[in-house]
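Below is one structure, written out as structure tokens; the observations come after it.
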Amino acid sequence: MNVVNDTGCSWINDLDRRTNIKTLDKDKLCDWLIIGAGYTGLSAARKLSELHPNKKIIIVDAQLAGEGASGRNSGYLVDTTLNDGFTSNKELSNYKKKTDIYKLGIDVVKKFIKEHQVDCDWNESGKYFASSNEKDRKILENFSKTLLKLNFEHNILDKDDLGKRLGTNFYNLALYTKGGILLHPGKLVRAMVDTLPDNVGLLENTQLNEWSKNSDTIICKFNNHKIITKKIIFCTNGFLKSLDVKNNYNFPLTLTASMTRPLTDTEYKSIGEPKEWGVLPVRPMGATIRMTKDKRILIRNTAEVHSPFKMSKSKLNKRSLNQKLGIKKRFPSLADDIIESSWSGIVSRTRNSSQIFDKIDNNVFVAGCYNGSGIGVGTLFGEQIAIKASNENSHEINIIESRSKPTWLPPQPFLNIGVKTRLIFERFRSRSDV
């Protein structure tokens, strides 16, 4: 089944449409082939070009570069997380390793932005882990103890202070962390596409159907042509499983989100004219909410087992209705028809929330599965998997590889049954904050 380009995402619709799109129109040979042109693949291509300026590098994507999960996420560049999927922060040493990786991810994105003078609405505004349920106070107090031990600047806020900051009285409490960054994910990933080096060839709307290894070469078959390469790096994140790569260690989840039109001056004044902010849920299935720089409200309040390739318009409309209800719960004075666009996107999960970063054969490498933190970690892992695939090492690789490896997942249909059951359970526990 083909991945479909859609025009439902506000982040992507904010950008000028590209005209320099190339597809695979004949058989090709290359030294390096990268599958997936999101944050990870684009970062890997940039680093390979630096390390191998005289080699032929090709990056392919089944849809338009950067317009998958990279361009349609909520735009959080995180320094800390309260949970990754369904895994809480239980061991301090493991949590520190995770935040070390987040810091490296922030640093590599900052470096790219500075080098290429990228305007992606970067805002070091921090973020809120917020809840309407007073019973979640204990969760935030325990999280605060973890952050104190690691010297993360933060504070717990109550309803009145939150109302002034967010423009809504919906939340009763929150933990604010200073280090998080909000940005426009479409602008960031488009800059990565536009600044690809000259010795990197980009092929889009070019879906890999089958790949095989033959001695020291890898044969990749597409719809009408093939690419033969010496080395390959898989950077398809939520689609790794569909390519039979690490398929017993990761699974995709489909998320949906909606964004409003910009609030009018009257609407904006009615909610107190708050500065740009971002809220993450205390519990895994709660809603992610953002007030953007240009006064739009984004909401993401679904996660489900669904075909990663396409969501029908009718199914998307049903989820958009839930998102409208979520916005109205928080901002009852706003108009009923305020949502401008809705879209779906794919995240990749592992059982223990560890990322995939592996050499799986002499010339086959893979990086992915960021458990919802793909902007920084995906960019970092792309750069570092290129270094690893070049038989080199780095301080960053040592940190990445010090984390636990992803744990094995049960086969189908048991996996889907287990994931669906857990989603239902977590959705029930988070029902007040959807």
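FYI, side chains are in, hydrogens and waters are out, and symmetry mates aren't considered; it's all heavy atoms of this structure.
Judged by a 6.0 Å distance limit and a 45° cone about the ring axis, Lys359 is not positioned over the six-membered ring of Phe365. Stacking of Arg330 on the aromatic ring of Phe170 is recorded, both the 6.0 Å distance cut-off and the 45° axial limit being met. Tyr249 carries Lys246 over the face of its six-membered ring, with the cationic atom under 6.0 Å from the centre and within 45° of the normal. Judged by the 6.0 Å and 45° rule, Arg431 forms a cation-pi pair with Phe428.
In this structure the side chain of Lys293 never reaches within 4.5 angstrom of the side chain of Asn123, judged on heavy atoms. Looking at heavy atoms from C-beta onward, Val189 lies in side-chain contact with Leu42 at the 4.5 angstrom threshold. Side-chain contact between Pro281 and Thr288: present, with at least one pair of heavy atoms (C-beta onward) separated by less than 4.5 Å. A 4.5 Å side-chain heavy-atom check between Asp119 and Ile113 finds every atom pair outside the cut-off. Counting heavy atoms from C-beta on, the side chains of Leu77 and Leu183 come closer than 4.5 Å. Contact annotation: the side chain of Leu208 never approaches that of Val60 to less than 4.5 Å [non-hydrogen atoms, C-beta and beyond]. Two residues are said to be in side-chain contact when any heavy atoms from C-beta on lie closer than 4.5 Å; Arg72 and Pro185 fail this criterion. Using a 4.5 Å cut-off on side-chain heavy atoms (C-beta onward), Asn371 and Val347 make no contact.
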*Kindly determine whether Asn155 and Leu157 satisfy side-chain contact (heavy atoms from CB on, under 4.5 Å), including the steps that lead there.*
CA-CA 6 Å; Asn155 56 299; Leu157 304 168; 3.0 Å; yes
_Determine whether Lys295 and Glu276 satisfy the following criterion, salt bridge (Lys or Arg N to Asp or Glu O under 4.0 Å), listing intermediate values before the conclusion._
CA-CA 8 Å; Lys295 298 182 287 189; Glu276 181 178 10; over 6 Å; no
*In sequence, state the C-alpha distance, the side-chain angles, and the governing distance for Ser132 and Asn172, and then conclude on side-chain hydrogen bond (donor to acceptor under 3.5 Å, both in side chains).*
CA-CA 5 Å; Ser132 66; Asn172 282 311; 5.5 Å; no
*Going through the checks in order, is the side-chain hydrogen bond (donor to acceptor under 3.5 Å, both in side chains) test met by Thr177 and Lys127?*
CA-CA 6 Å; Thr177 62; Lys127 63 188 181 307; 2.7 Å; yes
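Between Ala130 and Val279, the shortest heavy-atom distance links the atoms CB-CG1, 3.7 Å. Nearest heavy-atom pair, Lys96 versus Thr99, reported as atom, atom and distance to 0.1 Å: O-OG1, 2.9 Å. Taking each heavy atom of Leu182 and Gly126 in turn, the nearest pair found is CG-O, 4.3 Å. When all heavy atoms of Leu51 and Ala386 are compared, the closest pair comes out as CD1-O, 4.0 Å. Nearest heavy atom pair, residue Gly186 against residue Trp11, reads N-CB, 4.3 Å.
Of the charged side-chain nitrogens involved, at least one lies within less than 4.0 Å of a carboxylate oxygen, so that Arg422 and Glu426 count as a salt-bridged pair. Between Glu124 and Lys178, no side-chain nitrogen of the basic residue sits less than 4.0 Å from a carboxylate oxygen of the acidic one, so the salt-bridge criterion is not met. A salt bridge is absent between Arg261 and Glu340: the closest approach of a Lys/Arg side-chain nitrogen to an acidic carboxylate oxygen does not fall below 4.0 angstrom. Salt bridge absent: Arg165 and Asp160 never bring a charged side-chain N and a carboxylate O closer than 4.0 Å. Lys405 has a carboxylate O that lies under 4.0 Å from a charged side-chain N of Asp358, or vice versa, which qualifies the two as a salt bridge. Looking at Lys420 and Glu304, no side-chain N of the basic residue comes within less than 4.0 Å of a carboxylate O on the acidic one, giving no salt bridge.
Enclosure of atom NZ in Lys56 by more than 12 non-hydrogen atoms of other residues, nucleotides or ligands within 6.0 angstrom is indicated. Other residues, nucleotides and ligands place no more than 12 heavy atoms under 6.0 Å from the NZ atom of Lys230. Around NZ of Lys329, the count of heavy atoms belonging to other residues, nucleotides or ligands within 6.0 Å exceeds 12. Heavy-atom contacts from other residues, nucleotides or ligands closer than 6.0 Å to CG of Asp216 number 12 or fewer. For Glu153, the CD atom sits in a loose shell: 12 or fewer heavy atoms of surrounding residues, nucleotides or ligands are nearer than 6.0 Å. A 6.0 Å sphere centred on NZ of Lys213 holds more than 12 heavy atoms belonging to other residues, nucleotides or ligands.
Every residue meeting the side chain to side chain donor-acceptor pair (under 3.5 Å) condition with Lys187, not counting sequence neighbours, appears here in chain and number order: Asp121. With sequence neighbours left out, Leu316 forms a side chain to side chain contact (heavy atoms under 4.5 Å, CB included) with Thr256, Met311, Ser342. Scanning for side chain to side chain donor-acceptor pair (under 3.5 Å) contacts around Lys110 gives an empty result, with sequence neighbours left out. Remark: Gln384 pairs with Ser394 by the side chain to side chain donor-acceptor pair (under 3.5 Å) rule, at least two apart or across chains. In terms of the side chain to side chain donor-acceptor pair (under 3.5 Å) criterion, Lys231 has no residue partners (sequence neighbours excluded).
Between Phe309 and Phe239, the ring planes lie tilted relative to each other; the angle falls in the 30° to 60° range. Ring orientation note: the planes of Tyr176 and Tyr128 are tilted relative to one another, at an angle of 30° to 60°. Using the six-membered ring where Trp is involved, Phe234 and Trp211 have ring planes that are tilted, between 30° and 60° apart.
We find the CZ-CZ distance between Arg427 and Arg283 to be 15.0 Å, quoted to the nearest 0.5 Å. Atom CD1 of Ile227 sits about 7.0 Å away from atom SG of Cys220, to the nearest 0.5 Å. Separation of atoms CE (Met259) and CZ (Arg296) is listed at 4.5 Å; rounding is to 0.5 Å. Rounded to the nearest 0.5 angstrom, Glu396 CD and Asp100 CG are separated by 11.5 Å.
A side chain to side chain contact (heavy atoms under 4.5 Å, CB included) with Val305 is found for exactly one of Thr254, Asn416, Leu415, Ile417, namely Asn416.
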Under 3.5 Å, which donor-acceptor pairs link side chains of residues 197-204 to any protein atom two or more places apart or in another chain?
| residue | atom | partner | partner atom | Å |
| --- | --- | --- | --- | --- |
| Asn199 | OD1 | Ser49 | OG | 2.5 |
| Asn199 | ND2 | His52 | O | 3.3 |
| Asn199 | ND2 | Pro53 | O | 3.3 |
| Asn199 | ND2 | Lys55 | O | 3.4 |
| Glu204 | OE1 | Arg18 | NH1 | 2.7 |
| Glu204 | OE1 | Arg18 | NH2 | 3.4 |
| Glu204 | OE1 | Ala65 | N | 2.8 |
| Glu204 | OE2 | Arg18 | NH1 | 3.4 |
| Glu204 | OE2 | Arg18 | NH2 | 2.6 |

